[in-house]
Amino acid sequence: MTFSTLMTVLLYGVTIGATYTLIASGLSIVFGVMGVLNFAHGSFVMLGAYTGFTIVRLTGNFWLAFAIAPLIIALLGGIVEKLMVSRLYGKDIPSTLFLTFGLSMVFSNAVLLLWGGSSYSIQLPSYFRGFINLFGIYYPKFRLFVLIFSCVLVGVMWLFLSRSRWGLPIRAGLFDLETVEAFGINIYRVFSILFIVCSAIAAVAGVIIGAMRSINPMMDLDLINVALIVIVIGGLGSFKGALIGSLILGLAEAFGAQAAPGFAKFTTWLIMAGVLLLRPKGLFSEH
Amino acid sequence: MAKDKGERALKKDLMSRRDFMKTIGVAGGAALMTGLPGPLYSAQAAGPEIRIGHVTALSGVSSDMGPLLDKGLRLAFSLSKYKDRAKFFLEDSQSKPDVAAQKALKLYEKDNVHLLLGPILGNESPAVAAVLKPKKKILLEAYGANAYLVGKDCSPYTFMLGHTSYNMSVPLAPWFLKTLGKKVFLVGADYRTGRDVALYFREAFEKIGGKVVGEFYSPLGSSEYAPYLPQIRNAKEKPDGVFGFYIAQDCINFVRQFEEFGLKKDGYVYVNAIGGLGIQYLDAMGEAAVGFYDSFHTVPYADTPQNRIFMAAWQKAYPGQIIDEACMGGFDAGTCIIKALDAVQGDSTNTEGLVSVLHKIEYESPRGKVRMGPNNGTIVPVYARKVVKKDGKYRHEGTFLGYYGTPCGPQYEWGACSLGCPSS
Amino acid sequence: MKALEVSNIDTYYGTSHVLHGLSLEVPERNLVCLLGRNGAGKTTAIRSIMGMTPPARGSIKIFGEEVAGSRSNNVYAKGARIVPQGRHIFPMLSVEENLHLALIGQSSPDVKAETQKAYQMFPILGQRKRQKGKTLSGGELQMLAIARAIMGPTRLLLMDEPSEGLAPVVLTQIEKTVQELKARNITILLAEQNLQFALQVGDYFYIIDNGAIVFSGDKSSLQANEEIKLRYLGVGL
């Protein structure tokens, strides 16, 4: 492998890993704190992509999509939490899976109805098009932006969890929700806020992915698949685990495709199997 | 400017899908439908009914194409003298072979249709053909690409109006050599069609002195090609072009990333087989696809007399809606059926008469001149289509490569057809 | 007014009936002990009062306000604080974060002053403030559990077996702490198994067995009743 190939693949792997973090961390923390395995998490990413696409189509303003799509999806997340997910608190995981799986089907059919089955892609502003020469390799400008932006957002999420008023009960709730409540905290409000924040971040990831790849009514399945693998590798409920798991997955996809193109997807499963054998609870399980 | 157009196109698209659903009465995302008459013609028959069945995907992976095929089919009839007699029966195949076969039987047995236009996917068509063949019922396929149906699984009652991997890749070999050069890098989605396309092209290309300088096949359904693309740049010799087959999402992602990673700028040209750069995908690909090629038997918006008639009719029936390969495929099938009906004096119940007419049929559709080969597979004009931007819209510029059918015989994997095989 | 009045509560864990018509009272500024063996229902009683395992029937009043059926965060809002059995310190949160968590549900707390107060009471916690909960020793965990419970205004403190699993030297320290809380006029309900510890600090005593109160009285009447002690607490002289 030449140096330029190595760098391209490395950069690519890290970029993809960073976007996976945005998706997987929300799924992981919602599960860890609320006990809800949200199969519809990928749908929020998809709806974010479609909403962002429509905003760019209507206004021509890419940044508006970044600002408004997360707000719309956060609102949707809030409604879904209030009307449906909230009924599942304290129920077993299969029940939460059934409901959210159903939701994901509703959402993908809603997408079919509203946007049809065609593929779209979010058009980038001209300054994001093209590529730059980085250490002698070509790397798309937008992907570089995605890399930096995702890192910043991951940093913000980390700050939210470690420093903010709501971060403390969320991290505490991963271990002992009952005691959190006994210390005067309305856990249902924490749940709502967490669900809304995670929906909004999923929508941001959706806009990013919609601009990097094509948007279609089945992308949610791909994404939820990736997110589930990440949290199995990283450990359920762990933000650090989601981050490391995403990077491992991103790099595995990148280098796996180089080493054995036919087995690119296989590499991912192999790693997951390996982690499950050695550490059945994932690399960073905090339970 | 471009923004406005985009906006309008989107609104119209949204509109059209809802209208369509309303028109034919879809309940929910995956609905069963029995044919209600379309908006263009009255339900009163002026003669015996011509009952036409259509099994196509209204849900599942190819659900974006099914409704368009149906619109094209109905449009062809609305322009014909049979417009008041035609009665359509539409069923959802759900993009599944077993469902398609069962719906096809239902249409013939319960709805008593006289002939049937079959489903889209290459694994659905043989399933339908297999159940209709023993019952001696007619199946026409506008898509459903499957070489076996014009090889050893051919039937006097099955008519393949579309393409196969073979006739959409082999004609590109001499064109590639002449237009782009002698060296090719092969790529593709790692599944049956992706591998077949590369194989047929390679054989034809090497026979005439071309050279393959490298190749890779990525998993079907990959959304990221960044890890593969460097291999093209790292090939021992710089290829004159990259050839292969990706479809739908895969193709959009491949083409966009091909550009993003600087290959296009450095003079690499991409050629995709079998309509991968179809008009429905061009907006999503954006500038990235401009200057690239694909192959197909249909060129939407081509400025030919037949196509001008079609475009005007389409414009009138579905104002502002984009014309794509699928609706033209439906129109082409309709044109073929009408021509056959003419030859049997409009008697759609005369199955054996229709079969013998269809076996030798020649007709002209917006594609150009189409002729049925001895193995009941059409011999179609094949075009190398270059993606261009015209007045802010992404369109194709077709170069006619010749008329090609799909040969058959023991030397081919799909074997010989008992009805006969085209000479070449 | 009584700080706590529990009348006739019945509490279930699933289908198992744990508390049978339990009643007790805690006058303001008193330390009342709830004594009993393992499994007698002490923890369930504490959890019922806190709203963590709400009773199916009966009434619980905190300073005259009915809280039976409220969720524990609302009971907290009435001024009830808990030192849970097993401490329940959040293992991945630092000492300081464990303390701060208790202030999130309070309106306009003085975070700095409250934290300083806690470190004054337990200097060792001040030294360990950046350490994660899971790295603390048993005694430190118990101190943190107490410190966490008395962050901000505390009207009623429910302590569930603070002596459990502690070495004698640490126990002395906790005893001193409880005396200090009494001196600060905090009303306390202390669930205990350790009779010696309870007698050192308690003003009034209830003995619970099979989910019902079987004895109540002051220190002298408990000390005089050998039969009760032997039968329900398993201690003879």
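Every chain is numbered from 1 and lettered A, B, ... according to where its sequence line falls, protein lines coming before strand lines. Both backbone and side-chain heavy atoms feed into the values below; hydrogens, waters and symmetry mates do not. The structure displayed is predicted, hence computed values, not measured ones.
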Could you tabulate the donor-acceptor pairs under 3.5 Å formed by side-chain atoms of residues 19-28 of chain C, not counting sequence neighbours?
from, atom 1, to, atom 2, distance (Å)
C:H20, NE2, C:H17, O, 3.4
C:S23, OG, C:N8, N, 2.7

| task | Could you tell me which residues in residues 134-149 of chain C have at least one non-hydrogen atom under 4.5 Å from a non-hydrogen atom of chain A, sorted by residue number? | result | C:R148, C:A149
| What heavy-atom pair brings A:G282 and A:V275 nearest, and what distance separates the two atoms? | CA-CG1, 4.2 Å
| Distance in Å, C:R47 CZ paired with C:M52 CE, rounded so as to fall on 0.5 Å steps | 4.5 Å
| field | Check: A:W166 and A:V190 side chains under 4.5 Å, non-hydrogen atoms | value | yes
| query | Can you find a pair of side-chain heavy atoms, one from A:I170 and one from A:F160, that are under 4.5 Å apart? | reply | yes
| query | So what's closer than 4.5 Å to chain A heavy atoms on C:A77: side chain, backbone, both or neither? | reply | neither
| task | With C:S163 as reference, evaluate C:E175, C:E192, C:Q193 under the side chain to side chain donor-acceptor pair (under 3.5 Å) test and give the passing residue. | result | C:E192
